[in-house]
Every structure is written in C-alpha cells, then in structure tokens.
Amino acid sequence: MGFGKYDPQQVELNWQKKWDDTRCFEVEADPSRPKYYVLEMFPYPSGKIHMGHVRNYSIGDVVARYKRMRGHNVLHPMGWDAFGLPAENAAIKNKTHPAAWTYSNIADMRAQLKRLGYSYDWRREIATCRPEYYKWEQRFFIELLEKGLVYRKNSPVNWCEGCNTVLANEQVEEGRCWRCDGEVEQKQLEQWFLKITAYAEELLDDLKLLEGGWPDRVITMQENWIGKSVGAQIAFQVKGSCETVEVFTTRPDTLCGATFMSLAAEHPLVEKLIAGRPEADKVRAFCREVANMDRIKRGADDLEKEGVFTGAYCVNPITGKDMPIHVANFVLMGYGTGAVMAVPAHDQRDFEFARKYNLPMQVVIAPKGETLDISAMTAAYADPGFLVNSGEFDGLPNQEAKGAIIEHLAKNSLAKPTVNYRLRDWGISRQRFWGAPIPVVHCGKCGTVPVPFDQLPVRLPEDAKVREDGRSPLPLLESFVNVACPKCGGAARRETDTMDTFMESSWYFLRYTSARNDSAPFDPASLKYWSPVDQYIGGIEHAILHLLYSRFFVKALRDLGYVEHSEPFQNLLTQGMVLKDGAKMSKSKGNVVDPNAMIGKYGADATRLFILFASPPEKDLEWSDAGIEGAFRFLNRIWRLAEDLAESGALLPVGPSAPLSVLGGELSGPAKELRRKEHDSVRKVTRDMENKFQFNTVIAALMELVNEMYAQKDALKGAPGGAAVLSSSLSTVLTLLSPVAPHICEELWAHMGHKSQLATLPWPQCDESALVKDEIELVVQVNGKVRGKLMVPATADQDAVREFAMTHENVLRHLEGKSIKKLIVVPGKLVNVVAG
RNA sequence: GCCCGGGUGGCGAAACUGGUAGACGCAAGGGACUUAAAAUCCCUCAACCUUCGGGUUAUACGGGUUCGACCCCCGUCCUGGGCACCA
C-alpha cells in the first residue's frame, strides 16, 4: 500500500488539529520536574507575519520541542505587543478605533502562527492593549512613584514632530526618530521619568552574570550605553565671589595643568558670572546661538570649537593660579556637571581650544626621564607618565597621583571620588492616544495624586475618536479628563499622556507565568517556578532598548517585592536578518517573500526546514527560492523512503536507536554499518542542538543519514535484521527531525505503526557501543602532507599502525632516501611520518 | 579615537580539543528512465599541472609557534556593528 503523494497541506492541518485536541503544549508549574522557559520576542500586530517572524519563531519552536523531548516542562508562550503608533495611523486612515485594527490583525496573525505549527500554550496568550494587562503596569507605576523611582520634571526632551510625541534617548538614532526617521528636536516639557540611573551600577555589574549566556557584542553595547566613568568631582572657587564651579574629571592627576575653565552654554552659573560685566552681551549672544543650534549640527564631528571669555576667573585649588572661565560650544550640560577643567597639555580638545584662543598651557605629566616642551608640542600628551610641575606630587606615576590629589583636596572638602554615567533616566510620557494611560490625577489643591489601586485600570476610552492631525484625542475628551480628586474629592484633571510602549514589553515575560490571573499581576509560585527565561530569542535591534529596559524593570520589581530574580533572560540568541538579494526585505524595495505563499506552495515544514538549514541562527540569511525547493525535496525523499520500506514489508514499528535485542541480536556488514551511522547521527544532532543551537548542521547530519539509508536499503531489506535496522533508522530520522519539521514526522511516525505522539516522546540516546568500528581509515602523512589512506583494523596498536603505513606504495616513495626521525600517531585517525 | 564581531569553492555553508579543508545543500554540466516534459535515480564539480599513479597551490595578506594551523600568537589590510567633542 502506498502513502500517496506527500501533501503538506493535508498532513499539517491534520496534525495541528490533533495537537490542539490533545492540548499537547499546555503546561502547568510542576516543581517535581525541571522547567525550561523559552521565549521569542513577541510581535507587534502590524498585519501579517513576515519572514523575520518565521525565522524567530521557528528557532524558538525547535528549542521548545527539543527541550520538551529532553524531559523538561517547557513554557513556550506567545502574545502581542499591541500598543503603538501604527494602530493610530491606521485608525486615522480607516476612520476606526485603533483597537479594531489591532484585534483584527491579532486574529489574522494568530491564525498564521497556528498554520506554522508552533508549539505554544495558547491559553497564556496576552495582548498588552487589554486593560487586564495594563492595569498591573499602572499599579507598578504607582508603586514605583511611591518608592521615588518615578518622578516628574520639566526638562529638555527629544520631540518627534512626525510622531507628535516625545522620545526616550534610546529611541533617538543619530538625531532621528527610531520609528519614522524624522528629525528629532529639543523641546522643554513636563514629563514622567523612570529612574533607571538608580540601577546604573547594578545594570553594569550584572552584565557579568550574562557572560557566556548573551552574545558579547550585546553585552558591550549595553556597557557602552551605560557609559561608566570613574573620576572625581572637584570644586573651583570663583574669584571675588562665594560661588564655586563644580567639575567632573577622570583625570584629577592633571589638576595642576588645569589652566582655564570651560562651561556649557546652558550652565546656570554663566548668568551670575557675567552680570554687570562688559562681556555680558557678547556671552549671552554666544550662549543663545549655541543653545539654539539643532542637535545634529551641534553633535557633528567637524563642528568648529568655539568659545567666549566670560570675564570671570576661578582659582586652581592646588597651584592657586587664576583660571579664566570660558563658555565653550563643545561642553554638554547633559554630561557630568556641565563644566570642564581644561588641561590643554593633556587633552586634545582643550589643546586645540587653548591654541585657538591663546590660553595658558602647562605640562604636568611626562614620560619617565623626559621633559615636554609645550611650545614644541603639536598635540596633547594623553599617555601615562610621571607628574612634573605639580609641587609635592612631582615624581608620582600619574595613576597613583589620581588618588593622592583627590585625597589631598578631600581634606578641605574640595573634591570627592565620583562615578559618572552616560545613561539618562527613561522618559516614559508619550503624547499619544494608543498606549496605557499614566494613572495620576492633577488636582489644583492636592497636586499630583496617584489613582488608588482599587480604581485601576484607568481605561483608555473606547469611544475616543482619533484626530486627523495625529494628536491625542485624550486632552479634549471631557469624559476622560474630568475626574474627582481621589484625595480631596474636588474637581481635578486626569493625566492625558500615555506610557511608552516599551513599558509593556519590559515585563510581559513575567506575566506569561500566570497570564489569566485577575487578582494579582503574578501568581508567586508560578512566577518563581518558571523564572527566569532560560532562552530568549529575538533581533539584535533590541540590544539596548528593550533588553536594557527589561533588565531594569525586573530589578525594580524585585525591589518592590514582586520577583526574586535580578536578570530576566539567562541566555540570549540574537538571530540574523532574512535578506533577499542582499537587502533586508521591505515593501519599498519590492523584495518581500510572503510566508503565506511559501506555506501554500511547500507547506510549513518545508518553510521551517529551509529557514533553519540555510544559515546558522545568528547569521543573516539570504532567502533562496531554489533553497526552499531543496528543503521540500528532502521531505519528499523521506516520505518516499518510508513508502518504499512499507511497500516491501520492511517498515516495522521499531523505535529510534533500537537496542540489539530488538534488532534480533548482533549485526554485521551493512546492517551494522547503518546502525553505526544511525547512532552517530544521534550523537551529532544532540551535540549540535546543545551547542548554540546549530540547526543547520543538525539538518545536514540527518540528510546524511537519509542518504545512507537510500544507499543501503535494497541490500538490507532481505538481510538479517536489515528491516529492523532500516526501521530503527527511520524512527531516528523522524524523531530527531521532529522539532524542525514536526508535521511530516508525526505523520510518518504514525504510518510506521507507532501509537505515541512524537511531540511528547523522549529524545533518543546514542549507544556508544554502536559507534565502534571494526576498521578505520588510516590517513598516512609524510612530513605533514597526506600521502596515502588505508583501511586498518580499529584495534591496531602503534607498532601495527607503523607496519601498515610502511606498506603503502606512495608513502614509501616519499620516504625514499630519507631516514625516519619520528612517528606521530593520532589514534583512530592518522599517522604522521617525520622524515628528513 | 575606543570597544565588539566577521573575512573559507560559482553560491549558502561545514570542519569536535590543533590532526584528511570544503560535510550537507543550492546552482551548473553529463548520463539513465520517458513519445516528451516534470519528477526521480546515477556520475562530475576549489584552481593549476598530469604519463591518470599522482603532483603543486589554496581558508584576506605577511610572519611566528608546532611533527602538523581555517583553528593558537604577533603585525597588516578589508568589512559589519556599537559608543563618542563624555571632560
């Protein structure tokens, strides 16, 4: 009896239904079993699944299915990052509510994911735009507010005119909006901030815990972003005034070489310093010009260093010398204290500035035994050395001098060791509608009042109409805005800003552990059992944004008492992009390959197989229409192999890597050889699964085994134990391939007469004794070059190997006229004859 | 400037702990089957030389360590990415 043509549509729908009916992938916390939490970054419901999603979720599904077969209790959930701008834009265009567009997209995309056969526990599905979800986020917000980790301040913020909203620093890329690529301007606004800087040190330190589990480059990117600098804060007295200028420096050792001072244009002291001075107008004009310069121009590499003298002086706390105070365009108010002690001899920037404005320079560090002549220098000397011209500190190595000078000044409270970070607090206010409302009320009498827990969630009104101009309808929606103050009961107004959508994605992975709980954000026992995420998988584009925010959020929730762990994601796999013709797929380039079309033509299994085979997961993958044909061809090859065995009565219900007792005793010849290959495949596949999820070589190993079965099947069908070995090998192929191409494997598994479901079967074991070879191919090298290969008994010892090697004609030819100096034997592999 | 990656056939790639470089697949060429096509099966496939035994050169480039190097060390080039007038 034949199986008929391989029809992926029919096979796949059939098995998807069976998995559904048997609730195969639903899991509960079970402390008696080892858990494994595998998670892929959840999608934004933009409308359709694209190839990037297919790659991401196929990788995750193989991990989930593999770990399940390895005996783990596997949590593998899916949900929707459902708030955000595209929904609003679509709603404006289609004159509907963002919710309608979002939920309809979710329904479409869920169906697509189901069609791909991913093994999710769908009962845990979440959509972040649902009040049952964001209600808890609002609660966290209030708790963080009470703890002082949320605050409101009026500050310059990044404003994107295109998106009509504020952006966090992490969302500005080279002066442009991460989403719409529009130019970002600076604006002064009252905004809510999350105090991520309170965790700067821990966020940096804990990166050590992630070494080995996270890609190095992601760790470095986070290190760079946090940007820790160790140094000192030093106070400089302003001459003739009680004011001081506070400076942050990483080079306190160069203090005696500080010959002038540079302030940022926005520095609050500037106005006080110039009051009543003849320079005042000129300085004000300069400050205004610098402050009004747009962000991109001001940050440009080639910006000419410019400054202006304020007329005021401060005093070097060690040398006692006067230092003219300048305002300089390269000093940033946002870093350190907004003031820089200028050491022109040892800082390139200050060097150029001093040369341009003819300011004093003083060498204070020189290489051992050398003197530096400032007038002859063409650049600052920034290398290590020993102190000179620094009074009592002369002769100290500059590294040591750092501590000594701070200590000296600390006696008079003029300096203290300080650490500075580049990381800024996370601005989370968004002037948009489709986001979680910030749960506070502004009362004329009581000020800013948090909404009490029992009044949560603050729901996003369902009757709001999006505005043509893209601005949020919330401020004009009286029914939303007007509210009684929770404290005094008087008339008050609701906050109309919503939260950055990165808030929702900062904790969704925790919510999956008890997604349907409506009395608390998490069920503590489930949360504890499943956390942290063992394997997280997603794109490198979130190396900073989402991954940094999530790390911070987990630490903050830990300090609120919600979670016990400190790092959300134990292991991180950053998958490469899916390219077509060398470029990222995009509508504008017209190089998009639609997953639906591929599933329709070749099926989900072939699509998954190709995308996993074409490239290792971290690398970019070039889509190839011929490649997916090849994947489909391989599945057909397995199908026909099973069919062929069935037709010749050689298809027995023998399990994978069957023991000799099942195979009918000791084997010999091709049967033994195939069994060896079978077990070797188990060994290889298991190793590559464990080692960084190298699915491409996993699949290659299975192709080899199938090729071997094709080569041997006709000889084996009639041989003793042959049918059993063929069947065992086929079982092995189906079992090992099932995480990648689950439907066809289940189907053929059933055809073999097995009653179980592959999805819940244990992973096969490699029997080491099956790997033993009677004969091995011995490679013979002469002076490191291969000169011959011969088959020798695997048991041959060193002397025997030597004998064999010397029988090889070509080897002897290369040894002619030479004496053997040394013989190196790599057991089971090769022998190298060193001769000269 | 600082910090991370990466560089292997026509293409995607593989190579375990330093032990036969190119597994597996794609493309290409040849053959079988077929009235024909598709599908399938078999063979060839790094470059050059060859008396067809084999030889030489090859993992960006130049050195080194080693019996032996894609792999380890030093230097150079190219390339992708992150951070940056950061004090």
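From a predicted model like this one, the values you see are computed outputs, not experimental measurements. Below, chain A is the first sequence line, B the second, and so on; all start at residue 1.
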Enquirer: Applying the Watson-Crick and G-U wobble criteria at under 3.5 Å, what pairs with C72(B)? Answer none if nothing qualifies.
Expert: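 For C72(B), the partner nucleotide comes out as G64(B), under the 3.5 Å rule.
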Enquirer: Between E768(A) and R683(A), is there a salt bridge with N-O shorter than 4.0 Å?
Expert: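 Looking at E768(A) together with R683(A), the answer is no, because their closest N to O distance does not fall below 4.0 Å.
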Enquirer: Has the side chain of N224(A) got a donor or acceptor atom sitting under 3.5 Å from an opposite partner on the base of C83(B)?
Expert: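 By the distance-only test, no, there is no pair.
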Enquirer: Parallel under 30°, tilted from 30 to 60°, perpendicular over 60°: which one fits the rings of F353(A) and Y357(A)?
Expert: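 The rings of F353(A) and Y357(A) sit tilted, inter-plane angle from 30° to 60°.
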Enquirer: Compare side-chain N and O positions of K829(A) against OP1 and OP2 of G19(B) and report whether any pair is under 4.0 Å apart.
Expert: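 Answer no for this pair, as no side-chain N or O of K829(A) is under 4.0 Å from OP1 or OP2.
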Enquirer: Does a nitrogen or oxygen in the side chain of R633(A) sit under 4.0 Å from OP1 or OP2 of A27(B)?
Expert: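 Looking at the OP1 and OP2 atoms of A27(B), one of them is under 4.0 Å from a side-chain N or O of R633(A).
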Enquirer: Tell me whether D253(A) is salt-bridged to R251(A), with the criterion being a basic N under 4.0 Å from an acidic carboxylate O.
Expert: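 Here D253(A) pairs with R251(A) in a salt bridge, since their nearest N and O are under 4.0 Å apart.
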Enquirer: Mark yes or no for a side-chain to base donor-acceptor pair under 3.5 Å between K305(A) and C85(B), with no hydrogen or angle criteria applied.
Expert: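 Indeed there is one.
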Enquirer: Between the base of C16(B) and the side chain of R687(A), is one N or O donor paired with an acceptor at under 3.5 angstrom?
Expert: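 Counting by modelled atom types and ignoring angles, a donor-acceptor contact under 3.5 Å is found here.
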Enquirer: Report yes or no: is there a donor-acceptor pair, N or O only, under 3.5 Å between the side chain of E777(A) and the base of U20(B)?
Expert: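 Check passes, donor-acceptor contact within cut-off.
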Enquirer: Do NZ/NE/NH1/NH2 and the carboxylate oxygens of E673(A) and R676(A) come within less than 4.0 Å?
Expert: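 R676(A) and E673(A): salt-bridged.
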Enquirer: Whole angstrom is fine here: how far is it from CZ in F632(A) over to C1' in A39(B)?
Expert: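 Between C1' of A39(B) and CZ of F632(A): 11 Å.
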Enquirer: Taking atom P of A13(B) as reference, at what distance in whole Å does atom CG of L612(A) sit?
Expert: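 Value for this atom pair: 15 Å.
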